Structures are given as C-alpha cells and as structure tokens.
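Read through the structure below, which is laid out as structure tokens, and then see the notes.
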Amino acid sequence: MNTLARWAMLLFDDDDALAQLEAELPGLIGAERGVATVRLAWQLRERDTRRALALADRLRQTLTGPEAGAQQARLKLLEAEARRLFGEFAAGFEAARDALAGFDALGDTLGRADTHWVLAQLHGALGETALGQSELELAIDGALHAGDATRRLIFEATMARNTTFGDWRQADARWARHFPPDTTGLHPAAVAAIELYRGSRAFRAADYAQAVRHQMLGFEAALQSGQLQNAISAAANNGNAFASLNDYETALDWGQRALDLARPTGWQLRIGGCLMQMGETLRKLGRLELAQALLDEAMPCLAPVRGSRNYAVALCYRVDLALDRADFAQALSLLDELDRGEIASDLRLRTQRGRAHALLSLGLHELAEAVAQQALDLALQADAPVHQIEALQMLAHVRGVRPGGSDASTERGVLTCLDQALALARGIAGYQVPIDLLATLAAEYARLGRYEQAYATECEASAAREKTHSREATDRLMAMELRFLSESAKAEAQHQRQLREAEAARADLLQRNSLTLEKLGVIGQEITAHLESASVFETLNRHVHALLDASSFAIYLLDADGRQLSSVFDVEQGLRLPPDHIALDDPDSYAARCVRERREVAVELAGDGSDPNQMPGTMPTRSAMFAPLLVDQRVLGVITTQSPRAQAYAEHEWLIFRTLSAYTAIALDNASAYQRLQDAQGRLVEQEKLAALGSLVAGVAHELNTPIGNGLLMASTLLQKTEAVEHRAGAQTLRRSELNVFFGDVKQASRFLVRGLQDAAELVDSFKQVAVDRSSAQRRRFDLAKTSQDAVAMMMGRLRNAGHQITLDIPEGIWLDGYPGPFCQVLTNLINNALIHAFDGREGGQMRLTARALKDDRVELCFSDNGAGIAAHHLPRVFEPFFTTKMGRGGSGLGLSISYNIVTSLFGGELSVSSEPGQGSRFVMTLALQAPQVENPAAGLAS
C-alpha cells in the first residue's frame, strides 16, 4: 500500500501531519490527489465537520481507480461520524451500516474496526451502554488482528472510560494497570484517550486533583490530534472537577473554554453539555437566574438523547436548581422523570438526596428520613466518600428538624452524622471541607452548649469563606464571635448579620454583572463576526431571549433620507411581524424619540392599553427599553425589547441591553460596509471584463488592418492598371503582349485579394464566436483545440507587437460540454498576466499551452512561460482578488481571481500555480469533460 493510502487509514492525524498534507495537496494530480483529499476530509471530520462533508460530497462523484471502493466506504463512515456529531442518529446508523458493508466487501479489517468504533459512539450517545460496549469489543478485536497498536489503545481506553461511569472499582480491576504509565512516545490520539480515562477514573474516586491533571493532559493531546469532541469533554470535565473542589472561578473558566470550542461546531449535544455544566457551576455560586437560563438553553440541545447519561445529569442539575429556588413540586416531578429511566449509581445517589430534601421541605419528615438513610446506604455501598458526606449532612438535617422537639438520642444522631461527614471530608486529598458543613456543625455545638468547639469550628468555616468572599467572611466571623462570646451582644450580632446580608446582596449584584459581562463578551464576538445583516439579526435574536424578557424584540434602521425609521427585524412572541415604518418626527413614538435625542428611553406603560404607542392587535406592553444604534456619533437606528410584565427591566437588564445595542450597531455598520465593498468589487469586476473585451477588440482590429490594408492597395493598383488598359484600347494602341501582362496582373491581384479577404473573414468568424460566447456564457459542446486557437488568435496582434511567441500543443478530438466563452476568458487572462508580469521589460518571451486527456473523464491544460517567475511569498496569494504587484501599472489584481472562480465554479475543476524566480511560471488547469450544472453561469464570471 502506498504512503498516501496508509495515511488515509489513520484514525487521527496530528496537526503537523495535517498541515503537511494541506501543503502538498495542490501539487498532487490524478489518483494520488483523490487519495490525499479523502484523507484530508477524514481528518477534518471533527476539526471542521461542515468542510469535511463538503469535501466528501465533491469527492464521491470523482473517485476512480483501484482504491475507489475503500475511499467511498471511508467517506460513508465520515458521514456517519458527522451525523452523530450533529445529533442525526438515524442517518448516522444508516451511513455506518453502508460503510460496514463496503469494508466487508473489501475485506478491510481496519475499516471494519473503525466502523464498530463509530457505532459504539452512536449507541453510547443514545444511552445504549451494553450495545456500545459490544461494538467496542468488535473494534478492539479488529485493531488487534490488524496489528494497529494505536487504534487498540484508543478503543480500549474508550471502553475503560465508559466503565468508570458505573462501579469505578470494577473498572480498576480490569484497566488500572492495562495502559503504559508513561505515555511519552505514543500518538497524541492514544495519549488523549488514555488520559481522559484516567481523569474520569480519578474523578469517580473523588481524587479531583489527579482528575484535573489527567484531564489537562488529555485536553492538549486531543486538540493536537483533532479530537475536538474529546477536547470539549476534557474542558467541561475539568470545570466539573474544579467545582467539586469548590474553586468556582476556575470552574467557570474551564466551562467557558469548553463552550467556546463547542459553539462554532454546531454540535448541539456538545453545546448542551457545556451549557449544563456552566449552569450547575453558576447554581453553586448562587447565580440562579443565569443558571436557569443556561439550563433552559441546554435542554433542547440534549433532547435527542433522552436516554443518555448527559440528559440524566442535566435533569439532576435542574432538580438541584428547583430545590435552591424552593420549587419543591417541580423538583419531585423532575426526580420522577429521572426514576423512570435507567441511571448510573452515582446519579441515583444524587436523586435520593434531592428527594429527601424536597420531601422534608414539604413537611413529610418520616419519608424524608427514610430516603436520606437510603442515600447514605447507597453511598456506603459505592464507596463514594463525597456522596457519603452529602448524605450524612442531609440525614443530620432531617433528624435535626424532626417535629415535637428533640431528645438526647436525636441530638447524638445529628452530631454523629456531622462528625462523620467532617472526618470524611478531611480525609479526601485536595478537597475543601464544605463551608455549610462547618457552619452547621458549629451551630450544633453551640446549641448543645459546647461553645469552645463551636467557636473553633466556626473559625475554620470563616477561614474557608475567606478564600472566595473575604469581606463576607470577616463579617460572619465578627457576628459568630459576638454571638458565641456573649449572650448580651445578641442584638448587635443581628444588626451585623443584616449589614452582612446587604453587603452580600451588593456583592451578588456585582458578581452577577461581572459574569453577565463575560458572557456578553462571548456573545458580542459571535454577533460582530457576521458580515450579513440577516445573520446578525438571527444571532442576536437567539441570545436576547436567554438574557432578557424580550417577548417583543425589534430593530429599526434609519432610511437614507434620514426622515423615517423602517423595521428590519421585528419578532413578537416568536412570530415575525410585517414591516413597519415610523416617521422620525412622530411625537408619540418612543423609537423616533430615542433616535432624535440619541439617548436611551425606558418606558413603563399603564395596564389599560391607553398609551398611543400600543398598537391594536399586538401584545400588550407594560415595560420597554429603547436604545439608539450609534457608531462614532452616527445614528443607524434603534433597538427595542418589550415585555407584558410591569417593572420587567432593572439595572441588570439595562446593562445587558446597553451592551447588546453597542455590539449590534458595530455589527450592522460592518455589514453595511461589507455590502458596499461587495458592490464595489462587482463594479471593478465588470470594468475588468469590459477592459478585457476592449483589449480583444483592439487586437482583432489590429489583425484585420493588415489583410484589409493590403486588399485596398491591390484593389487601387488593379483599378489604375484597368483604367490604363482601357485608355490604350480606346486609342487602339494596345498591344497583345500588354494585354497578356494585364491579364496576369489581374489574376495575381485577385488571388491576393481573395486570400486576404478569406483571412479577414476567418478572423471575423472567430471573433464573432468568441464574442458571443463571452457575452452570453452559453453552455455548449466545443472542441478544445479549435476554441483555444480562436482565443489565442484574438491575442496574436499584441503578442507580435511585444515580440513574444505562443505555441499550442492540443490534441484534436477533445470535446468539452461547458462554457467556451468563460474558458476563452481564462486563456486571455493567463496570456495578459504573462505580458504584464512575466515579460515586463523583456523581449522574445515564449509561452506554451498544452493539453492531455486524463483517465477519469477530465482534461489537464498547462500554460507555461519562461518569464520572470513569481516570488515564493507571493505564490499563495496570486488567486486573491485585487492582489497584484503592478497596481497602477496595468495590473488590476482581478484577472487570475476571475480565472480561478471560472475554473472552480463553472467547470468544477482546479487551478494551481508553481513557479520559481527567474524560471518562469506554470499554471495547471484540471477540467471535467462534462461541466457541472450551474443555475446562473454569468455569476461565475463576476465572482
């Protein structure tokens, strides 16, 4: 098997190998190019899934040769992977089965192994654990038989990681010593898989410090080998581990990394997973509104995989959030939904604690205690110390609030639970003892009159608070000292507590605004990245509803005359409204007032609909925000959100709205500038086409000048001789010899005239055909040799005047079904490019145009010159629009760009260039004999 074919079979390439492939690809032709492009598409399946699919669609129609079957099967497997990533599981299974059939027919062991691995991931995404593990066993067996050690490590590490979600001790029994302790020298793809397994195992064992170390190694190796989904998982898992260590700031940082990686991919399942992790971290920080928004955004993303672990985890997070919001009925409803499915043991522990909490809050004490005890029993069986701590805290809490007072046994039971929880917490390496555990234990000591222990424990709790909330921790310490040291200072302690709560509320608002601004920064980057107004509107609409109560959301832009506002995007309760117009001088319009005065307008309307701005038949509005869209003191229009709720928008909402309006103004101004640039480019391209046509006409005129001028000279000479003969004949002095000489001259002049007029007629016919083709971009069958000769004939005048020559070596009988006019334009542009750049200041230049038929219904044309060549740093840019080294000296920078677009878009071909300074240049076109169908061929000439 050749090297390219072997490369195409790798499961993952590292970044360096992929960069080398992309650099080498333009120089490859024929079957080698096809094999390399299949490899590129396969390796892009996670790095850039949409590009990979586009490459695959193009390749399917062109693959030929002995390796075509294997390549088609590989492209089917690529499609299966892509459909899985996009959550299209039925299509993914169908494509995987097609790929498996193809590999079976070829006896391709590695192809079969890869397909079983993809099927395992498809089953795993749907929560079908047993089926997924069976497919992994088949994948491992295939890699083993094929002798592929890297694949075997990846498949085995994937299986090992999956087993950690159940009983991690059982997973340890099989896998703990299976993988090499030192991964140095292994392929990055294998390193990523092994480190992610080890990170998951450490997390399940509550060794969060080790989990973070392994996940960070896995994250870097996954990025290096193009495993973007594993990189996203590693980043999200790191966020979860830091949150478990109560380091929420770092947890949010890792969660944002994961989300930043996931959003551009369009993989909704991955995006949903990142959103739910960040939502849970925000819940732990007490940012319940933002947490609710992120979890609400996550659930639709995860809906296609309701039976999966991710969906179950998201439900657990929503249960915790409902409990924090004191919505106990909602919590029990979500817990019932969880219990209806099969969930892992660690999640079962969480649901038991959540159910106990909800039951206790609803006054069902006996049921709550029974469920809390079950949670503790499950945690003990699973040997999960963190879950044991939480279960013991819950059990202590349930016993402590038992109705009818407390007795000594109850008190001992509460204190025993808390002491056990504290001992467990202190025994976990790197684990920060929960502040609420310390605070609860201190309060219990104080209630029992053990003030010395109460004080010591509360000091420890205060020290823990100091790490994240220094001022709040100081206030609490002061309050606890006053309360425990002197009963007489009880009133003062209450006062201090009130001050602390006020400060905490202020800090909460500041922290909430800070987190919001961070999120808005990410959203702003997404909004301003678009260069089309419609994309800006859709992106903004997607985010604004997650951040604000925007039951009605609209953008109005100022018309060119500056006298009217017109709605360009208007959505009310999810439905698009018809266009609307507002006069800028309308005295009752808040939108017009906002633009006139160039300031924000806040509106609170009466509930009876009496405000003149309330349009009949639309949503009743109680609250509204209006902000001008300003860029450098220029007002573009106005943005508004409206709500049917009174007092819907406070300071926090205005912060969000103000920031979104600024991003929107910048994005719309960029979109407008981009549109103007596109219009200008279109005009320049048209000018380039007209200039090329003018050059063509001038060349034809020059070519016609010679035969027509010679013909006029012969005709005038013949007329003079005829008049002389006629005069001598009338005077009867004409001799026979003179008449014979005259007849000879007439014959010779006639032959010269006929030959000259034939040359002119042929030149005119060629010009007519070329001109018609170039003006209409009409599709027809044409002979490659004849059309090329016609195109070159139009340029011969310029070539001869400049002292250059061109040679054509094109076999007859090569027929193309396509667009001869644009093809002639490409040849003209290549010749013009050589005249302007290759032979600038030179004489005696040689150009050569050759063609040869390829085996796969394609033809290759090569245009070369012996001119100055192209500098190496200019080569990558020669096909860019407006790139030229002769700006203002005959070069527009559009000729080669237009040629590239014609070859690639109209002919579905490829155009490449190679050159060295002083050695001339070589342009190679590969065209399909049957050009693809194009709806608007003329558009390809101006792109």
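Please read these numbers as outputs of a predicted model, since none were measured by experiment.
Counting non-hydrogen atoms of neighbouring residues, nucleotides and ligands closer than 6.0 angstrom, the OH atom of Tyr900 reaches no more than 12 such neighbours. Heavy atoms from other residues, nucleotides or ligands lying under 6.0 Å from CD of Gln805 number 12 at most. For CD of Glu916, the number of neighbouring non-hydrogen atoms (other residues, nucleotides, ligands) closer than 6.0 Å is 12 at most.
Remark: Arg60 engages Asp57 in a salt bridge, criterion side-chain N to carboxylate O under 4.0 Å. Under the 4.0 Å criterion applied to side-chain N and carboxylate O atoms, Arg33 and Glu860 are not assigned as salt-bridge partners.
Checking Gln224 against Asp14 by side-chain atom types alone, no donor-acceptor pair falls below 3.5 Å.
Side-chain N or O atoms of Arg45 include one that pairs as donor or acceptor with a backbone N or O of Trp42 at under 3.5 Å. Although no hydrogens or angles enter the test, the distance criterion places no donor-acceptor pair under 3.5 Å between the side chain of His837 and the main chain of Ile870.
To the nearest 0.5 Å, atom CG of residue Leu911 and atom CD1 of residue Ile902 are 10.5 Å apart.
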Would Leu896 and Leu830 count as a side-chain contact (heavy atoms from CB on, under 4.5 Å) here? Give the steps.
CA-CA 7 Å; Leu896 290 181; Leu830 291 174; 3.9 Å; yes
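Among the candidates Leu827, Ile806, Thr850, Val924, the single residue satisfying the side-chain contact (heavy atoms from CB on, under 4.5 Å) test with Phe863 is Ile806. Under the side chain to side chain donor-acceptor pair (under 3.5 Å) test applied with Ser921, the options Ser915, Ser914, Ser864 reduce to a single match, Ser915.
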